[in-house]
There are 2 protein chains.
Amino acid sequence: MIIQIDFAGDLPLYSQLRDQIVIGIAAGLLQPGEVLPSVRRLAADIGINIHTVNKAYALLRDEGYIVMDRRSGAAVAGRPLDSRGFSEHLADLLRPIAAEAICHGLDAAQFGQFCADLHHQVRAIRDIQEEHP
Amino acid sequence: MIIQIDFAGDLPLYSQLRDQIVIGIAAGLLQPGEVLPSVRRLAADIGINIHTVNKAYALLRDEGYIVMDRRSGAAVAGRPLDSRGFSEHLADLLRPIAAEAICHGLDAAQFGQFCADLHHQVRAIRDIQEEHP
DNA sequence: CTATCTGTTATATAACAAATATAACAGATG
DNA sequence: CATCTGTTATATTTGTTATATAACAGATAG
């Protein structure tokens, strides 16, 4: 799986890395049980510091997306994902975005459709990647 | 309109303030043309620094949500809002969130419905506020 | 056992962002 | 003139981000 980091972007590097791995899992590019690169290896590949990768991995572990083992390294977590309080978490993330959409004239149906389309887009990343091996 | 700031939260104060004002506009609590409190007044009311409020106001101005005048102060912008590149902006915000939803087992229809419901919730804030004057 | 891999922890440093404090300026208003 | 508005400038403090170097504990292969 290809990781692309925008060093000029607004988001912190560890946050970009975290997002891309979550997207990779959602798209199916990273499957449950699949072993991720070690912090040293991935840091060298991307060209960033070990601790930055470690911070992203630790964050993903705390969120339940990956499991980490001292011996075998990091791996994508097997289902199911702990979902206590996830609705509230999701609502907190989406509320300001929904407000933006409202201010720009999108009604509930349009916004819901836009979100559903994006859901499909994320799932389709896998197919796009497999077309260009 | 009541502003609630979480000093222990992860989000910067100016960002929280910006989000709440956008939500207020979306909910209809702040209507186009309505005058906002001055930076000094709002800073004193909330108990934060003038520059923090100024940063939030300047951000809202750059995004087109409010207009600022040296004489009369800040006011909610009249429609329409400039929407060039808004879809891309919205997609960038939603992509990692959609990925999270996928990882937690929500399909496209469920995610779209959740987003549409939240859209309604934001619009309903106005009615809730008016019940308790 | 040795060498090498893994995550983990510690410490130090530099750069940047966030928030505060104080002060001043230009323009408009009563 | 006094008072309000946004705006700008400077300085300081604090926290985050990212880097660098180093070491430790546990597991594994030679």
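Within every chain, numbering begins at 1; the chains are lettered A, B, ... in the order of the sequence lines, protein sequences first and strands thereafter.
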J.: CD1 of A:Ile50 versus P of D:dA23: gap in Å, rounded?
T.: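 Going from A:Ile50 (CD1) to D:dA23 (P), I get 14 Å.
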J.: With a cut-off of 3.5 Å and sequence neighbours excluded, list every side-chain donor-acceptor pair involving residues 35-48 of chain B.
T.:
| unit_1 | atom_1 | unit_2 | atom_2 | d |
| --- | --- | --- | --- | --- |
| B:Ser38 | OG | B:Arg41 | N | 3.1 |

J.: Would you check if the side chain of B:Gln16 reaches a backbone N or O of B:Leu11 as a donor-acceptor pair within less than 3.5 Å?
T.: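 Yes; at least one donor-acceptor contact below 3.5 Å.
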J.: Any protein N or O atoms within reach of nucleotides 11-16 of chain C? Criterion: under 3.5 Å, listing atom names and distances.
T.:
none

J.: Specify the separation, in whole Å, of atom CD1 of A:Ile66 and atom C1' of C:dG7.
T.: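 Those two atoms, CD1 and C1', are 11 Å apart.
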J.: Output side-chain donor-acceptor pairs under 3.5 Å for residues 89-96 of chain B, partner residues at least two apart or in another chain, one line each.
T.:
| unit_1 | atom_1 | unit_2 | atom_2 | d |
| --- | --- | --- | --- | --- |
| B:His89 | NE2 | A:Glu100 | OE1 | 3.0 |
| B:Asp92 | OD1 | B:Arg95 | NH1 | 3.1 |

J.: Using the test salt bridge (charged side-chain N to carboxylate O under 4.0 Å, His left out), find all partners of B:Glu63 that sit at least two apart in sequence or belong to another chain.
T.: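 B:Glu63 satisfies salt bridge (charged side-chain N to carboxylate O under 4.0 Å, His left out) with B:Arg18 once adjacent residues are dropped.
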J.: Just to verify, what does A:Gln31 make a side-chain contact (heavy atoms from CB on, under 4.5 Å) with, not counting sequence neighbours?
T.: A:Glu34, A:Arg126
J.: Atom CG of A:Asn54 to atom C1' of C:dT6: distance rounded to whole Å?
T.: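 Between C1' of C:dT6 and CG of A:Asn54: 11 Å.
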J.: Would you find more than 12 non-hydrogen atoms of other residues, nucleotides or ligands less than 6.0 Å from A:Asp6 atom CG?
T.: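 Counting neighbours around CG of A:Asp6, more than 12 heavy atoms of other residues, nucleotides or ligands fall under 6.0 Å, so yes.
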J.: Given side chains that start at C-beta, do those of A:Leu30 and A:Ile21 come closer than 4.5 Å, heavy atoms only?
T.: yes
J.: Can you list every pair that meets salt bridge (charged side-chain N to carboxylate O under 4.0 Å, His left out) and has a residue in residues 23-32 of chain B, with sequence neighbours left out?
T.: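 The answer is none; no pair qualifies.
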J.: In whole angstrom, what separates B:Arg61's CZ from D:dG6's P?
T.: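 From B:Arg61 CZ to D:dG6 P: 11 Å.
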J.: C:dG7 P sits how many Å from A:Leu59 CG, rounded?
T.: 16 Å
J.: Taking ring-ring contact (aromatic ring centres under 6.0 Å, His included) as the cut-off, I'd like each qualifying pair that reaches into residues 9-66 of chain A, sequence neighbours left out, listed once.
T.: A:Tyr65-B:His104
J.: Could you tell me the separation between the CG atom of A:Leu36 and the C1' atom of C:dT6, rounded to a whole number of Å?
T.: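 My rounded result for the distance is 13 Å.
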J.: Can you confirm whether B:Asp62 is buried at CG, in the sense that more than 12 heavy atoms of other residues, nucleotides or ligands lie under 6.0 Å from that atom?
T.: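 For B:Asp62, atom CG is crowded (more than 12 foreign heavy atoms under 6.0 Å).
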J.: Apart from A:Val67 itself, what residues make up its hydrophobic cluster when side-chain heavy atoms of I, L, V, M, F, W and Y under 4.5 Å apart count as a link, directly or indirectly?
T.: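 A:Val67 shares its hydrophobic cluster with no other residue.
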J.: Report for the helix from C:dC1-D:dG30 to C:dG30-D:dC1: angle between first-end and last-end helix axes, five pairs each, rounded to 10 degrees.
T.: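 One end axis against the other gives 10°.
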J.: Quick one: label B:Ala74 by what it contacts on the DNA or RNA (base, sugar-phosphate, nothing), any heavy atom closer than 4.0 Å.
T.: sugar-phosphate
J.: Considering only heavy atoms, which members of residues 39-47 of chain A lie under 4.0 Å from some atom of DNA chain C?
T.: A:Val39, A:Arg40
J.: Under 4.0 Å, heavy atoms only, any strand: does B:Asp69 hit a base, just the sugar-phosphate, or nothing?
T.: sugar-phosphate
J.: Where do A:Ser87 and B:Phe114 land on the side chain to side chain contact (heavy atoms under 4.5 Å, CB included) test, with the steps shown first?
T.: CA-CA 9 Å; A:Ser87 291; B:Phe114 190 95; 4.3 Å; yes
J.: Can you list every side-chain hydrogen bond (donor to acceptor under 3.5 Å, both in side chains) pair that touches residues 108-117 of chain B, not counting sequence neighbours?
T.: B:Gln113-B:Asp117
J.: Distances for protein N/O vs nucleotides 14-18 of chain D N/O pairs under 3.5 angstrom?
T.:
| unit_1 | atom_1 | unit_2 | atom_2 | d |
| --- | --- | --- | --- | --- |
| D:dT17 | OP1 | A:Tyr14 | OH | 2.8 |
| D:dT17 | OP2 | A:Lys55 | NZ | 2.7 |
| D:dA18 | OP1 | A:Leu13 | N | 2.5 |
| D:dA18 | OP2 | A:Leu13 | N | 3.4 |

